[in-house]
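Along the sequence shown, the residues carry numbers beginning at 1. Start at 1 and go down the list; that is how both ligands and their atoms are numbered. The analysis underlying the following values was restricted to heavy atoms, covering all of them including side chains, and did not include hydrogens, waters or symmetry mates.
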Amino acid sequence: MATPESVASMSLDGEIAVIMIDSPPVNALSQAVRTGIYDNVRKAIDDPAVKAVVLMCAGRTFIAGADITELGKPRQGPGLTETQDAMENSPKPVIAAIHGTALGGGLETALACHYRVAVPSAKCGLPEVKLGLLPGAGGTQRLPRIVGVEKALELLTSGEHVPAPTCLEWGLLDEIVPEGQLREGAVAFARRILAEKRPLKRVRDMDEKMIAARGKPELFESFRKANARKFRGFLAPEHNIRCVEAAVNLPFDEGIEAERRLFGELISGTQSAAQRYVFFAEREVWKIPDVPADTPVVPVKKVGIIGAGTMGGGIAMNFANVGIPVTLVEAKQDALERGLSVIRKNYENTAKRGRLTMEQVEQRMGLLTGSMALESLADCDLVIEAVFENMDVKKEVFARLDRIVKQGAVLATNTSALDVNEIATAVARPDAVVGMHYFSPANVMRLLEVVRGDKTSKAAIATAMQMGKKTGKIAALSGVCPGFIGNRILAARTRQAQAMLLEGAMPWDIDKVLYDFGLPMGPFAMSDLAGLDIGWFKETSKSSTVREVLCEMDRRGQKTGAGYYDYDEKRNAKPSPVTEKIVRDFMAKAGNQPRTITEQEILERCVYAMINEGAKILEEKIAIRASDIDIVWINGYGFPVYRGGPMFYADTVGLKTVVEKLREYGPRMGADFTISPLLERLAAEGKRLSEVKNG
Ligand code: T1G
């Protein structure tokens, strides 16, 4: 157990006291670190030989915030505020010396110092909003006093990390010292301000920018309006905005009180609990019990992608973005050229938005080689097929790859649901076969489902996971089952949504409930966006479902101006009387008397069916952890992060309630619907679904 003495020390550079915090991995403000800082600041102030104090950290970074593992638990030892008061009211200058990332409580600690210096590579930020929180140690009151209201609102509600040069420009930093010379630079700075007898400026006294913003509520209203869509459903952004309003309109100490009250509301709520759970879930998801972090990987110097369509092109961009050469193979010249031109257009659009230079566009395009011969993939270390979603087609491609691609390469399939084990039967090296299921658009969506077949080697798994991390994805490992983790749960929800169409609900009734729950859109709007004709074939269509009838009427979604919804020229959706009639006809054919289905039933049947399927995925050991399932649904389907994912959400509802409701709906859930025995057991034992781990 860390003690203040073990994590904080003080040494003297002549008349300058240097307090060093050393608490790996990120010098988080645990109780020991807070106490260590407090004790040493007091000691330095009381020591007449000391004329100034430098606070800095060892290891990879300056303080990266409160210790998230302690949040929400009863606090021990001095709070951050006592430590900040000691520094801010010190009669001797206190200088924060920053490297790495000064985040959250770390930056708040630095803001209570009189001065802040940093190396050029350092960054500062207040990312509490990403944890469903707000800076609870004066950050919302001190930050606007330095950078002004507009910048403070942006930084507090985005949680972004600001590079040191910009921080200097904004006044968040007082000086940038040479890289690698932080201690020397900070001590020299301390000596200089002593020699210049600079006044001890306390950020809390800097009121000019607050006075300038006083009486301008429109600043806040226009910010709220401009971000309404992005903040929809979240509590923390609004609470951060209210804190800045308090900073403008109240004296400092009253503003601190307002901040404390609003922080208390967030820290005790389910949204922050969910977002803190996701913070750790995003780090757990990379850990695979039987594939240790030091498993040897295949070094990937060249990637081959088969299929230059939407998926293949998007996948290729991921690798080009990080400097890995890609050979893109298509069967036909025009398809290949079209694929490459779509990629170029995507990059040029990004450049138009100022997020890429044209030089970078050319650099990335220069890493892409088009080919019509699979033979050009012979020397690739990783090959990913993104061809037509048909088992025979995929097996034929893999059989050819087996004869062409060098031994030791990883052969990956981008299939979204097909059996990876069966695909692996097409090659003599099934250990090299792995699933890498990207989500469309593959260059944008963060989720990558890595699918391990029965014979997939640890090296192939480790390589796929590493490539996911290297290309900025969040990768979750899945076993083989229809739809893997994400789409299998999606199918469970779709079954309920489609069933309720035949019981009296309209597509827009169901979509509204799931949109209001926090999903980006409901199942029918999503189908219209993706296209109703995915996997639909005119030749075999038998008017047996609402979707088939819509496709037969050429109502194939947004792309044809109509699907479940009618669309105007701006693609604004509105309920369609055509669809309503089709639905009613199907209801009549099924002999169903339309009944009013409450929003609660729509939500529970859709989301509890997802929870139940997730529990089955855990029972079958398809997923390693319940939190991996949450990572999949948050990053692949937009499940609201402030609800933690379907598994965490189940725990906030209460498993007993979920099971009781599923029993209550009974046959309505479908003739073949069964409740997961794991779910029933956890409910009976009062345990949490989100804590389930396999192995
Ligand atoms: N508390 C506890 N553990 C933390 C932590 C934290 N704040 N930050 C990181 N870790 C662990 C993490 O779980 C992982 O552990 C290891 O450190 C490396 O992290 C009062 C209330 C700093 C940019 O939100 O953004 O201050 O898996 O894998 O990619 O107002 O960590 O190795 O066992 O992410 O190099 C505000 C959160 C807190 C910053 C480094 N601060 N951290 O990224 O490494 S609330 C944050 C990060 C607060 C105050 C409020 C990143 C990083 P393990 P990592 P990285």
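Heavy atoms of G136 approach ligand 1 to within less than 4.0 angstrom. Judged by the shortest distance from any of its heavy atoms, E70 lies outside the 4.0 Å radius around the atoms of ligand 1. At a 4.0 Å cut-off, not a single heavy atom of T61 sits close enough to ligand 1 to count as contact. Not a single heavy atom of Q275 sits less than 4.0 Å from an atom of ligand 1.
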Do E284 and K287 pass the salt bridge (Lys or Arg N to Asp or Glu O under 4.0 Å) test, and can you show the C-alpha distance, the side-chain angles, and the key distance before you say yes or no? CA-CA 6 Å; E284 279 299 297; K287 297 171 187 167; 3.0 Å; yes

Applying salt bridge (Lys or Arg N to Asp or Glu O under 4.0 Å), run through R452 and D290 and close with a yes or a no. CA-CA 12 Å; R452 72 184 298 175; D290 66 335; 2.9 Å; yes

List the steps, then state whether salt bridge (Lys or Arg N to Asp or Glu O under 4.0 Å) holds for R224 with E238. CA-CA 8 Å; R224 287 186 171 96; E238 175 56 26; 2.8 Å; yes

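Atom 53 (P) of ligand 1 is not flagged as protein-proximal [any protein heavy atom, distance under 4.0 Å]. Distance check on atom 18 (C) of ligand 1: some protein heavy atom falls below the 4.0 Å cut-off. Closer than 4.0 Å to atom 32 (O) of ligand 1 lies none of the heavy atoms of the protein.
Using a 4.0 Å cut-off between a side-chain N of Lys or Arg and a carboxylate O of Asp or Glu, R42 and E82 do not qualify as a salt bridge. R260 has no carboxylate O lying under 4.0 Å from a charged side-chain N of D253, or vice versa, which leaves the two without a salt bridge. Between D630 and R643, no side-chain nitrogen of the basic residue sits less than 4.0 Å from a carboxylate oxygen of the acidic one, so the salt-bridge criterion is not met. With respect to K687 and E691, no salt bridge is recorded, no charged nitrogen being found less than 4.0 Å from a carboxylate O.
Looking only at protein heavy atoms, the nearest one to atom 28 (O) of ligand 1 is R283 NE, 3.7 Å. V26 CG2, 3.9 Å is the protein heavy atom nearest to atom 10 (N) of ligand 1. Regarding atom 1 (N) of ligand 1, its nearest protein heavy-atom neighbour is I68 N, 2.9 Å. In this structure, the protein non-hydrogen atom closest to atom 25 (O) of ligand 1 is L103 CD1, 4.0 Å. Residue, atom and distance of the protein heavy atom nearest to atom 27 (O) of ligand 1 are K287 NZ, 3.6 Å.
The ligand atoms of ligand 1 that sit less than 4.0 angstrom from a heavy atom of P135 are 30 (O). Against a heavy-atom cut-off of under 4.0 Å, G105 is close to the following atoms of ligand 1: 26 (O), 48 (C), 49 (C). Residue-ligand proximity, P25 to ligand 1, at heavy-atom distances under 4.0 Å covers atoms 16 (C), 17 (O). Near G65, meaning under 4.0 Å from one of its heavy atoms, ligand 1 places the atoms 26 (O), 41 (N). Remark: ligand 1 atoms within the under-4.0 Å shell around heavy atoms of D67 are 1 (N), 2 (C).
Side chains of H161 and C124 form no contact here, defined as non-hydrogen atoms less than 4.5 Å apart.
No side-chain donor-acceptor contact under 3.5 Å links R204 to the backbone of G138. Within the 3.5 Å criterion, the main-chain N or O of L29 finds a donor-acceptor partner in the side chain of R34.
In this structure, K123 places its NZ atom where only 12 or fewer heavy-atom neighbours from other residues, nucleotides or ligands lie under 6.0 Å away. Around the NZ atom of K209, the shell of radius 6.0 Å holds more than 12 heavy atoms that belong to other residues, nucleotides or ligands.
For atom 26 (O) of ligand 1, the choice among A66, S23, S30 with the nearest heavy atom turns out to be A66. Nearest residue to atom 39 (C) of ligand 1 from G139, A28, A64 is A64 (criterion: closest heavy atom). For atom 30 (O) of ligand 1, the nearest non-hydrogen atom from the set R60, E108, K123, H161 comes from E108. Distances from atom 37 (C) of ligand 1 to the heavy atoms of F280, F62, F263, F279 show the closest one on F279.
Distances between N or O atoms of T101 and those of ligand 1 include no value under 3.5 Å.
Residue L131 touches ligand 1 through its side chain alone, judged by heavy-atom distances below 4.0 Å.
To the nearest 0.5 Å, atoms CG (L131) and CD1 (I68) are separated by 4.5 Å.
The ring of Y649 has its center closer than 6.0 angstrom to the ring center of F517.
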